[in-house]
Undergrad: 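Once you've had a glance at the structure underneath, I'll fire off some questions.
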2 protein chains.
Amino acid sequence: MHTIYLVDDEVNLNRVLVKYLEQEGWQVKSFTSGEAAASAIIEKPDLWILDIMLPDLDGFQLIKRIKAHDETTPVIFISARDEDIDKIIGLEMGSDDYIAKPFLPRELVIRVKKILARAYAAPKTGVIRYGDYMIYPEKRVIEENGQEIDLTSKEYDLLILFATQIGTPMSREQILVSVWGDDYFGSDRVVDDLVRRVRKKLSKLELETIYGIGYRLVAA
Amino acid sequence: MHTIYLVDDEVNLNRVLVKYLEQEGWQVKSFTSGEAAASAIIEKPDLWILDIMLPDLDGFQLIKRIKAHDETTPVIFISARDEDIDKIIGLEMGSDDYIAKPFLPRELVIRVKKILARAYAAPKTGVIRYGDYMIYPEKRVIEENGQEIDLTSKEYDLLILFATQIGTPMSREQILVSVWGDDYFGSDRVVDDLVRRVRKKLSKLELETIYGIGYRLVAA
DNA sequence: AAGGATTTCCGCAGAATTATGGGAGAATTA
DNA sequence: TAATTCTCCCATAATTCTGCGGAAATCCTT
């Protein structure tokens with residue numbers, strides 16, 4: 001779940017946008033002044049949404065401070081004035097996107113989704129980190145603090161399945177299809193068995209059983 | 001097949017739009033006055049298309065009534081006046097889209113398609129918010145301020161049933177069928193029990209008893 | 001305010017589900 | 001082929017969930 005900080009002094013619009021953003025499951029904090037927002041920079045939200053025109057510290061000054069604190073934090077500008085838009089585009093303000101008023105809240109939501117996906121997508125190397133474990137899918141290797149751990153092929157398949165679906169519950173049926181293929185017709189108790197073996201080898205992996213449903217990997 | 005209700009007092013445009021919408025295979029009913037449309041709200045169409053300017057009850061008043069009846073019903077506004085457009089966007093009118101006159105009928109059709117797809121395609125992906133609770137249906141998880149709460153599978157089924165029917169009273173019979181299935185023949189006191197357990201775990205959920213009838217979840 | 005109907009509360013036993021240990025056979029490797 | 005590892009499955013233990021009865025509390029009607 002991502003945290004989004006919104007800065008806009010129009011309280012009405014502010015309230016509406018917060019509602020829409022929260023609807024998407026994001027944790028939103030909103031500010032109506034630039035100074036208030038500036039003091040929250042150290043809290044490192046995952047994304048900023050800034051109105052340009054603010055009573056005290058304007059959006060341009062804000063983004064400078066945000067980027068000074070952490071260059072990688074994505075920022076979306078919103079503005080009504082054409083000359084502001086020109087400025088955003090013309091100057092290298094470092095913003096990741098902008099949106100002109102008036103706009104539909106869902107337009108903003110779409111842009112936020114895109115930016116978040118781009119900024120926080122799994123690294124291209126394909127390496128998955130889970131606590132002390134490092135997983136290298138293409139090598140079919142998992143290390144604990146640099147120490148390689150031996151997994152059998154099914155054990156590894158199961159690990160990858162869960163590691164790429166962290167937090168999502170998986171039914172035995174889903175696991176069977178994913179690990180054994182859809183032409184397996186034995187008992188689904190083999191899943192329990194496999195889970196047991198993986199748990200034994202990877203004791204720090206929080207493989208939670210969901211009674212009546214299946215299993216899931218709890219976020220580290 | 002979806003049902004679409006169209007409200008516009010320009011009979012010419014009205015007739016044209018109905019034709020285009022029906023061409024897509026949708027079932028269309030059209031109104032030329034706000035009052036007439038208002039009395040059809042209980043028929044629960046899948047989507048409303050509202051002109052803002054109407055002789056009696058205008059589009060803004062109409063959408064209020066529609067959303068009051070069912071918050072999730074999608075609404076598309078059509079309007080010629082710029083100040084109306086501003087109002088749609090600035091205020092929290094809850095509209096899902098708008099289109100400015102003049103427009104091509106097929107432009108409207110495209111928007112309708114998108115809205116319908118979003119509203120009725122994958123209902124499982126949406127996050128449900130209820131006060132401090134966030135419900136993630138596909139993960140079978142509910143969080144209170146980020147803190148996950150454990151529910152058993154029946155408890156979760158009950159939660160989902162109510163959370164997707166906020167405000168609607170449910171009889172024990174309905175709950176039995178929905179949670180236990182229609183092949184359960186024990187006492188319906190088990191519903192009381194399940195409600196009690198859910199209330200205990202989710203104390204902020206306003207699960208109201210309707211004496212002699214059943215239960216309902218009061219809007220947060 | 002009484003009395004009957006309905007709902008809530010409580011604890012427990014049995015049902016359902018999952019964990020574990022061990023063994024046999026299959027698959028792989030030496 | 002023998003040795004080793006891997007996988008499946010069974011039996012049993014451990015755990016979790018759920019339905020139920022009955023007592024207490026609450027609600028509604030008269």
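We name chains A, B, ... by the order of the sequence lines, and we start the count at 1 in each one.
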Undergrad: Determine whether a donor-acceptor pair (N or O, by modelled atom type, separation under 3.5 Å) exists between the side chain of A/Asp51 and the backbone of A/Val7.
TA: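 No; judged by distance alone, with no hydrogens or angles, the pair does not exist.
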Undergrad: Go through the structure and list residues passing side-chain contact (heavy atoms from CB on, under 4.5 Å) with A/Glu24, not counting sequence neighbours.
TA: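 Partners of A/Glu24 under the side-chain contact (heavy atoms from CB on, under 4.5 Å) test: A/Trp26, A/Val109, A/Lys113.
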Undergrad: Do any of residues 152-160 of chain B sit with a heavy atom less than 4.0 Å from DNA chain D, and if so which?
TA: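 The answer is B/Thr152, B/Ser153, B/Lys154.
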Undergrad: Tell me if the centroids of the rings in B/Tyr215 and B/Phe162 come within less than 6.0 Å of each other.
TA: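 No, ring centres 6.0 Å or more apart.
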Undergrad: Applying side chain to side chain donor-acceptor pair (under 3.5 Å) as the test, list every pair that has at least one member in residues 156-166 of chain A; sequence neighbours left out.
TA: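 Side chain to side chain donor-acceptor pair (under 3.5 Å) check on residues 156-166 of chain A returns A/Arg140-A/Asp157.
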Undergrad: Sort out the partner of C/dA30 for me: Watson-Crick or G-U wobble, both distances under 3.5 Å, none otherwise.
TA: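 WC or wobble partner is D/dT1.
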Undergrad: Along nucleotides 14-24 of chain C, 5' to 3', which nucleotides get a B, which get an S, and which get a -, given that the test is a protein heavy-atom distance under 4.0 Å?
TA: --BSBSBBB--
Undergrad: Checking the side chain of B/Arg129 only, and the main-chain atoms of B/Met134 only, is there a donor and an acceptor separated by less than 3.5 Å?
TA: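 Here the side-chain-to-backbone pair does not exist.
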Undergrad: Could you list the donor-acceptor pairs under 3.5 angstrom formed between side-chain atoms of residues 29-41 of chain A and any protein atom two or more places apart in sequence or on another chain?
TA:
| unit_1 | atom_1 | unit_2 | atom_2 | d |
| --- | --- | --- | --- | --- |
| A/Lys29 | NZ | A/Glu43 | OE1 | 2.8 |
| A/Ser30 | OG | A/Asn14 | OD1 | 3.3 |
| A/Ser33 | OG | A/Ala36 | N | 3.1 |
| A/Ser39 | OG | A/Ala36 | O | 2.8 |

Undergrad: Should the pair B/Glu208-B/Arg216 be classified as a salt bridge under the 4.0 Å nitrogen-to-oxygen rule?
TA: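 A salt bridge links B/Glu208 with B/Arg216.
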Undergrad: If the plane angle is over 60° it's perpendicular, under 30° parallel, otherwise tilted; pick one for A/Tyr130 and A/Tyr133.
TA: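 Aromatic pair A/Tyr130/A/Tyr133 classed parallel.
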Undergrad: What's the verdict on side-chain contact (heavy atoms from CB on, under 4.5 Å) for A/Leu217 and A/Leu205, showing C-alpha distance, side-chain angles and the deciding distance?
TA: CA-CA 7 Å; A/Leu217 180 57; A/Leu205 210 68; 3.7 Å; yes
Undergrad: With a 4.0 angstrom cut-off to heavy atoms of chain A, pull out the first and last contacting nucleotide of DNA chain D, in 5'-to-3' order.
TA: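 Result: D/dC6 to D/dC17.
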Undergrad: Strictly below 4.0 Å, N to O, side chains only: are A/Lys201 and A/Asp150 in salt-bridge contact?
TA: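 Looking at A/Lys201 and A/Asp150, the cut-off is not met.
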